[in-house]
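In what follows, a single structure is set out as structure tokens and then discussed.
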2 protein chains.
Amino acid sequence: MNAYTTARIALPPQPTHLNLQVGSGPAPVQPLSFFAAGSEIYAQGEKAGAFYQIEFGAVRIYRLLADGRRQISAFHLAGETFGFEADTTHHFFAEAINATAVRTFRVAAGVDMSRQLLPLALKGLSRAQEHLLVLGCQNAIERVAAFLIDMADRQGGLRQVDLPMSRMDIGDYLGLTIETVSRVFTKLKEKGVIRLANLRCVEIVRQDALRDMSE
Amino acid sequence: MNAYTTARIALPPQPTHLNLQVGSGPAPVQPLSFFAAGSEIYAQGEKAGAFYQIEFGAVRIYRLLADGRRQISAFHLAGETFGFEADTTHHFFAEAINATAVRTFRVAAGVDMSRQLLPLALKGLSRAQEHLLVLGCQNAIERVAAFLIDMADRQGGLRQVDLPMSRMDIGDYLGLTIETVSRVFTKLKEKGVIRLANLRCVEIVRQDALRDMSE
DNA sequence: CGTTGACTTGAAGGTATTCAAGCTTTGTGG
DNA sequence: CCACAAAGCTTGAATACCTTCAAGTCAACG
């Protein structure tokens with residue numbers, strides 16, 4: 001794990017987050033770790049045994065095939081939790097997309113966290129299944145539309161949606177090439193469904209149209 | 001829920017299964033329900049609140065899009081458990097593929113099953129993520145190869161693999177059409193990688209070759 | 001023995017990929 | 001602050017893969 005700490009990163013207002021401590025009394029402050037854009041939070045094969053809540057920034061969770069193909073199984077944004085697995089070793093890589101801070105919750109030996117972890121695991125399962133539907137049934141436009149709707153919903157349903165990740169990341173998440181992602185963005189712009197303030201910031205002009213497309 | 005009970009179904013030797021009862025003492029016998037091939041175990045929108053362990057048979061879990069496209073998110077075989085969800089209502093359909101018997105575990109109000117359910121949820125999450133990798137990165141041959149390997153492993157790694165589901169089911173699981181599934185089977189036969197004893201029974205002749213293909 | 005449903009095979013077509021080139025944005029050093 | 005380089009993104013043309021549509025085969029069942 002490659003945390004880097006620096007005083008140059010100004011902490012934005014912290015998102016509200018679940019209190020995951022066990023028991024009562026003065027909650028111990030969990031250690032906060034900082035990661036530069038592109039740096040690794042954990043790697044496939046590393047020992048698991050903690051989970052992480054994002055204070056700010058964004059994280060991609062992915063696997064690699066032998067020939068280098070990459071499948072991003074999830075993006076996580078501020079306030080969200082990731083890192084728990086069925087096994088004692090990680091089967092995925094987790095990387096900071098941007099400058100990111102995470103709060104680490106180590107699972108002490110002998111402590112049963114089932115009650116806290118089950119809802120998180122079920123949430124993750126539900127998301128994975130939704131993603132499965134997209135990859136299994138939908139074409140390029142539908143995939144991108146579903147992705148934008150999801151990102152919008154997770155950012156409070158506002159018109160302005162922040163995309164912390166690159167086109168490459170989006171492609172590897174949706175099972176498309178960067179070229180196809182780019183072409184779909186262009187098409188959505190031409191149809192007047194979205195506008196791009198800049199590459200990483202989408203304005204959803206016609207949310208209804210986008211929702212129609214996403215299924 | 002559409003259970004049907006009949007004396008005509010002979011019970012095969014029961015698979016070993018986890019003891020999921022809470023507490024100790026004489027374990028209460030959980031009700032056993034029988035389902036005919038194609039019958040519904042639960043439907044999307046129905047109230048959840050139980051989980052199911054398969055005594056014999058096989059089950060498909062799926063969702064439908066508005067236009068009728070279907071994504072099968074999982075197959076479950078004898079001994080496996082399914083039916084728990086993040087929400088209080090089901091977001092999926094569950095159907096018996098063959099004549100199937102399931103043991104139903106109702107979750108009593110106020111009883112905390114987290115400890116029992118967490119490993120099952122994590123297992124499901126892990127499977128869904130594996131499936132995501134297949135749908136996101138792999139072509140038709142790789143998908144079918146991965147599917148066959150998975151089925152073989154879940155049936156004890158034997159050469160003879162039973163496919164309880166139709167080509168249609170396999171297609172809807174792998175994000176392919178039945179024609180493509182059929183063509184891939186034909187190609188694998190021509191290459192001498194598999195043999196078909198009959199439509200629902202595959203002999204894996206060269207497991208190494210199949211494993212190479214599956215990634 | 002004929003009918004039905006499931007599967008296979010073939011040919012044509014469409015969608016996404018690949019390869020290649022050009023454009024934009026971002027960061028760095030002068 | 002500008003110039004340049006590098007990376008990321010967009011666009012175009014050709015290709016590949018999978019789908020669609022259609023016909024034909026096979027197996028199970030009455």
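Naming convention: chains lettered A, B, ... in sequence-line order (proteins, then strands); numbering from 1 in each chain.
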Outermost nucleotides of DNA chain D that come under 4.0 Å of a non-hydrogen atom of chain A:
D:dC9 to D:dA13
Near-strand residues of residues 160-180 of chain A, defined as heavy-atom separation under 4.0 angstrom from DNA chain C:
A:Gly175, A:Leu176, A:Thr177, A:Glu179, A:Thr180
Nucleotide C:dC7, atom P - distance to CG of B:Asn198 in whole Å
11 Å
Exactly one of A:Leu64, A:Ile72, A:Ile61 should register a side chain to side chain contact (heavy atoms under 4.5 Å, CB included) with A:Phe93. Which one does?
A:Leu64
Out of B:Arg70, B:Arg69, B:Arg63, which one pairs with B:Asp172 under the salt bridge (charged side-chain N to carboxylate O under 4.0 Å, His left out) rule?
B:Arg70
Give me the atom names and distance for the closest heavy-atom approach of B:Gln71 to A:Gly136.
OE1-CA, 3.1 Å
Looking at A:Thr100 and A:Ala58, would you say the former's side chain and the latter's main chain have a donor-acceptor pair under 3.5 Å?
yes
A:Asp162 vs A:Arg154, salt bridge (Lys or Arg N to Asp or Glu O under 4.0 Å): CA-CA, chis, key distance, verdict
CA-CA 10 Å; A:Asp162 212 46; A:Arg154 285 160 69 182; over 6 Å; no
Going by heavy atoms closer than 4.0 Å, what residues in residues 132-150 of chain A are next to DNA chain C?
A:Asn139, A:Ala140
Carefully, step by step, assess A:Asp212 and A:Arg206 under the rule salt bridge (Lys or Arg N to Asp or Glu O under 4.0 Å).
CA-CA 10 Å; A:Asp212 288 348; A:Arg206 296 172 47 209; over 6 Å; no
Compare every heavy atom of A:Gln30 with every heavy atom of A:Thr104, then report the nearest pair and how far apart it is.
O-OE1, 3.4 Å
Checking side-chain hydrogen bond (donor to acceptor under 3.5 Å, both in side chains) between A:His90 and each of A:Glu46, A:Glu85, A:Lys47, which is the one that passes?
A:Glu85
Sole candidate of A:Ile97, A:Leu148, A:Leu199, A:Asn198 that passes side chain to side chain contact (heavy atoms under 4.5 Å, CB included) when paired with A:Leu163:
A:Leu148
Rounded to whole Å, the CZ-P distance (B:Arg183 to C:dA11) equals 11 Å
Any side-chain heavy atom of B:His91 within less than 4.5 Å of one from A:Glu130?
no
How many whole angstroms separate atom CG of B:Leu188 from atom P of C:dC7?
17 Å
